[in-house]
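One structure is given here, and the rest of the page talks about it.
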Amino acid sequence: MNPNMSVLSGADSLSSSTSSFIDARSREPTNVEASDEAQTVYPRYDVPFNQENIKDFFTFRKGVVETAIQECITGLLFPEDGEYLGSWLLTEITLWDNEKERIVLLTSRLVMTIKYDFIAMKQLDFKKTYLDDLDTIVIGELVYPPSSLVPRLNGIATGVTTVVKDYVIDRLCRRPSGGDDQKLDRNLRGVRLMWNKGEPLPIKTAWNPFSREVPFITFASHPIYWHKDGDVDERTTYDMETFAQKLQGAIEAMPSSSCCIHHSPIVIQSYVGVTSLLHNKTSMGFFKVRGKFSF
């Protein structure tokens, strides 16, 4: 078995859990090569946005995120949920490689993932994941398996969505299209929380895009992180790395926790991914202004 694949199940890892979070964050990016017989895996790239496009996000507007987070803290957290440790606006990457905008609350007992309507300013859904249930946390670069077609189709999807944006959406909005020099592709890091006890996904879960029984959650930084004005401290609300550091601290503070923390690549098992590529390139998982409509 390719050792990279084991990261998904939590049965093994490419590196020891003894390496510190700070060391992993400061380490220079390297190509993922587990062994001579293992094939090369491909890094996952997030959707490139320029400064003009990022203003279409409702969450880019001043005070929107702060108001939404405070509402969630007040309405959804209770004393039995533990000590409040922090809140973030992150990107959740689903089993089917779809990006979703999510509010994330962390306490000493749980991680709460909240789907929030930033247009109507109301909570739509939420899920609690208790830290006691976690058996593995993986922090590292998001990669596709060697046999995935997603990296090869990425250029096609980019071309299609560029045409749609430049010649349809921008003209409807009567705004000039941004040049390619404003866009920035980058390797995307993430954190995956798992509670599957090293077992592979059941077929009924792996092939059901609507399943709510997936035993892991994957988060990456929100696109606003790279465009928000101010220094790093002012952008921590959108930073996956800060969330991962706080989460690691919460796990280590639990006297009875058996959760292992690994710093290694996270495999996204997407092999064709045409639907997810178009979904992500058009940022359908985020609340945005889209021409004359907002959704």
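Remember, it's a predicted structure, so these values are computed and weren't measured experimentally.
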Please report the closest heavy-atom contact between [X] and [Y], naming both atoms and the distance.
X      : Y      : result
Val289 : Arg61  : CG2-NH2, 3.5 Å
Ile54  : Phe60  : O-CB, 3.5 Å
Cys259 : Ile137 : SG-CG1, 3.7 Å
Asp81  : Leu76  : OD2-O, 3.7 Å
Phe219 : Leu193 : CD1-CD1, 4.3 Å
Leu131 : Leu110 : CG-N, 3.8 Å

For [X], does the [atom1] atom have more than 12 heavy-atom neighbours from other residues, nucleotides or ligands under 6.0 Å away?
X      : atom1 : value
Glu80  : CD    : yes
Ile203 : CD1   : no
Lys246 : NZ    : no

Residue pair Glu252, Gln248: steps toward the side-chain hydrogen bond (donor to acceptor under 3.5 Å, both in side chains) verdict: CA-CA 6 Å; Glu252 292 174 347; Gln248 177 171 333; 3.1 Å; yes
Using only atom types and a distance under 3.5 Å, with no angle test, would you say the side chain of [X] pairs donor to acceptor with the backbone of [Y]?
X      : Y      : value
Thr205 : Val214 : no
Arg235 : Ile224 : no
Asp135 : Asn196 : yes
Thr67  : Gly63  : yes

How long is the straight-line distance from [atom2] of [Y] back to [atom1] of [X], given to the nearest 0.5 Å?
X      : Y      : atom1 : atom2 : result
Glu99  : His222 : CD    : NE2   : 9.5 Å
Glu213 : Lys204 : CD    : NZ    : 5.5 Å
Leu134 : Leu247 : CG    : CG    : 7.0 Å
Leu142 : Leu188 : CG    : CG    : 5.0 Å
Gln245 : Ile139 : CD    : CD1   : 9.0 Å
Phe118 : Phe286 : CZ    : CZ    : 10.5 Å

How far apart are the C-alpha atoms of Thr94 and Lys100, what are their side-chain angles, what is the distance that settles it, and do they pass the side chain to side chain contact (heavy atoms under 4.5 Å, CB included) test? CA-CA 8 Å; Thr94 68; Lys100 307 287 186 180; 3.9 Å; yes
Are any non-hydrogen side-chain atoms of [X] and [Y] less than 4.5 angstrom apart?
X      : Y      : result
Leu105 : Val111 : no
Thr237 : Ile69  : yes
Ile217 : Thr129 : yes
Met112 : Lys127 : no
Glu92  : Lys115 : no
Asp132 : Met254 : yes
Ile114 : Asp125 : no
Cys72  : Gln123 : yes

For the residue pair [Y] / [X], report whether a side-chain donor-acceptor contact shorter than 3.5 Å exists.
X      : Y      : value
Ser283 : Lys288 : yes
Tyr116 : Glu101 : no
Arg102 : Thr113 : no
Gln70  : Glu66  : no

Test log, rule side chain to side chain contact (heavy atoms under 4.5 Å, CB included), inputs Thr107 and Glu83: CA-CA 5 Å; Thr107 75; Glu83 178 188 357; 5.9 Å; no
Report whether Leu85 and Phe78 are members of the same hydrophobic cluster (ILVMFWY, side-chain heavy atoms less than 4.5 Å apart, transitive linking).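 As far as the 4.5 Å side-chain criterion goes, Phe78 and Leu85 are not connected within one cluster.
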Are Thr136 and His262 close enough, and set up right, to give a side chain to side chain contact (heavy atoms under 4.5 Å, CB included), and what steps lead you there? CA-CA 8 Å; Thr136 307; His262 300 280; 3.6 Å; yes
From the options Trp88, Tyr238, Phe243, Trp226, select the one residue that forms a side-chain contact (heavy atoms from CB on, under 4.5 Å) with Ser221.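 Of all the options given, the one that passes is Trp226.
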Could you go through Ile73 and Tyr84, starting from their C-alpha distance and side-chain angles, then the distance that decides it, and tell me whether this counts as side chain to side chain contact (heavy atoms under 4.5 Å, CB included)? CA-CA 9 Å; Ile73 293 173; Tyr84 170 75; 3.5 Å; yes
Results of salt bridge (charged side-chain N to carboxylate O under 4.0 Å, His left out) for Asp133 - residues two or more places apart only: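 Asp133: no salt bridge (charged side-chain N to carboxylate O under 4.0 Å, His left out) contacts found.
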